[in-house]
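As the structure lists them, so they are numbered: ligands from 1, and atoms in each ligand from 1.
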Amino acid sequence: MDLKAYLEERRALVNRALEAYLPRVRGPAFRVVEAMHYSLMAGGKRLRPILCLAAAEAVEGNPQEALPVACALEMIHTYSLIHDDLPAMDDDDLRRGRPTCHKQYDEATAILAGDGLLTEAFRLLGALASHFQDREAVLLEIIELVGAAAGYQGMVGGQMLDLQAEGRKITLKELETIHRLKTGALLTVSLRAGALVGGGSRVDVAHLTGFGEKFGLAFQITDDLLDVEGQASDMGKEPGMDARRQKATYPAILGPEQARQWARRLVEEAVEELEGFGDQAQPLREIARYLLVRRS
Ligand code: GRG
């Protein structure tokens with residue numbers, strides 16, 4: 001399959017839907033809507049929504065039906081980036097090739113833009129009841145799973161551990177816990193939610209969850225490697241920030257070659273989770289292998 005064309009087509013689909021879900025309607029609080037829009041539409045790979053749609057497809061569901069859920073996940077991801085970039089956290093100036101939200105606007109507006117995107121994501125999910133009609137239990141399950149993955153049991157918890165680990169030597173096991181929560185949880189729930197919307201069986205959902213867990217870890221290892229070896233022009237942010245902040249990373253702990261090898265093994269294991277799936281899971285297999293050669 002032509003993965004590049006597939007990703008471009010899906011990215012365009014997601015971008016059109018996000019524009020529709022977050023219209024720049026002028027109102028009393030227009031500044032915050034503008035800041036939300038600024039960060040949400042600043043580019044980005046749209047990996048989480050694409051995984052969500054691909055998981056729906058893998059279980060022979062209609063990816064279009066998963067589109068609102070996919071967009072809610074991208075809103076949550078964008079909120080996390082806005083808050084992560086704040087001076088109180090990573091204090092970054094550049095994100096997705098543009099000034100970070102607090103640089104473009106101001107700190108208070110960036111906090112509110114993140115809050116606005118997180119809240120809007122759950123409003124959007126709640127508004128889907130009519131789409132799910134006789135499957136409302138599935139929608140409630142998705143809302144609960146997304147809440148757990150984004151909150152203290154997932155991304156927020158991982159971010160807390162990450163901040164507490166700064167300037168301290170940590171073990172490989174601790175690093176894995178941080179990343180399983182900080183980035184893995186939202187990636188995994190993207191696949192799980194897509195499989196649930198697509199009507200997958202419990203066994204299918206479990207395999208796609210397993211795929212997500214391995215994919216999530218491999219994604220983080222390749223992200224760490226990009227920070228060492230990548231180019232700012234490809235990534236839309238400065239490389240070398242992890243080393244400058246003395247952050248524990250996979251290449252720092254294992255060495256780049258062993259880190260790369262581990263990412264390769266995780267990708268193989270992720271693809272093995274899809275053994276029982278047919279051709280309709282091919283995009284997921286290809287996206288997983290693409291992790292190993294990605295430049296952004
Ligand atoms: C503030 C609650 C809170 C959480 C922040 C995700 C996160 C937690 C911080 C981001 C820090 C970071 C750079 C982590 C490395 C992996 C990662 C999530 C990279 C950014 O995701 P991509 O590569 O970004 O999917 P795009 O811009 O393509 O969407």
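- Side-chain contact between Glu174 and Thr177: absent, with no pair of heavy atoms (C-beta onward) separated by less than 4.5 Å.
- Close contacts of ligand 1 with Gly44, meaning ligand atoms under 4.0 Å from a residue heavy atom, involve 26 (P), 27 (O), 28 (O).
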Side-chain donor-acceptor distances from residues 262-279 under 3.5 Å, at least two apart:
{"from": "Glu273", "atom 1": "OE1", "to": "His207", "atom 2": "ND1", "distance (Å)": "2.9"}
{"from": "Glu273", "atom 1": "OE2", "to": "Lys214", "atom 2": "NZ", "distance (Å)": "2.7"}

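- Every atom of ligand 1 with a heavy atom of Tyr79 under 4.0 Å away is listed here by number and element: 2 (C).
- Contact detail for Ala72 and Leu124: the closest heavy-atom pair is N-CD2, 4.0 Å.
- For the pair Arg285 and Phe211, the cation does not sit on the ring face, since its NZ or CZ is not both under 6.0 Å from the ring centre and inside 45° of the axis.
- On a distance-only criterion, Arg48 and ligand 1 share at least one N/O pair closer than 3.5 Å.
- Considering backbone and side-chain atoms alike, Arg294 places every N or O at 3.5 Å or more from each N or O of ligand 1.
- Counting atoms of ligand 1 from 1 in the listed order, those under 4.0 Å from a heavy atom of Phe219 are 16 (C), 17 (C), 22 (P), 23 (O), 25 (O).
- With sequence neighbours excluded, no residue satisfies ring pair (Phe, Tyr, Trp, His ring centres under 6.0 Å) with His37.
- Residue Ser80 holds the heavy atom nearest to atom 6 (C) of ligand 1 of all those in Ala150, Ser80, Ala88, Gly114.
- Residue Glu176 holds its CD atom at 6.5 Å from CG of Leu172, rounded to the nearest 0.5 Å.
- Taking CZ from Arg31 and CE from Met36, the interatomic distance works out to 14.0 Å, rounded to the nearest 0.5 Å.
- Between Arg96 and ligand 1, a contact under 3.5 Å exists for at least one N or O pair.
- With rounding to the nearest 0.5 angstrom, the CZ atom of Arg135 is 7.0 Å from the CD atom of Glu65.
- Close N/O approach between His77 and ligand 1 is found [any backbone or side-chain N/O within under 3.5 Å].
- Using a 4.0 Å cut-off to heavy atoms of Gln220, the atoms of ligand 1 that qualify are 15 (C), 16 (C).
- Near His83, meaning under 4.0 Å from any of its heavy atoms, are these atoms of ligand 1: 1 (C).
- Among Leu118, Leu226, Asp85, Asp84, the residue whose heavy atom lies closest to atom 11 (C) of ligand 1 is Asp84.
- Heavy-atom proximity to atom 16 (C) of ligand 1, evaluated over Thr183, Leu186, Asp162, is greatest for Thr183.
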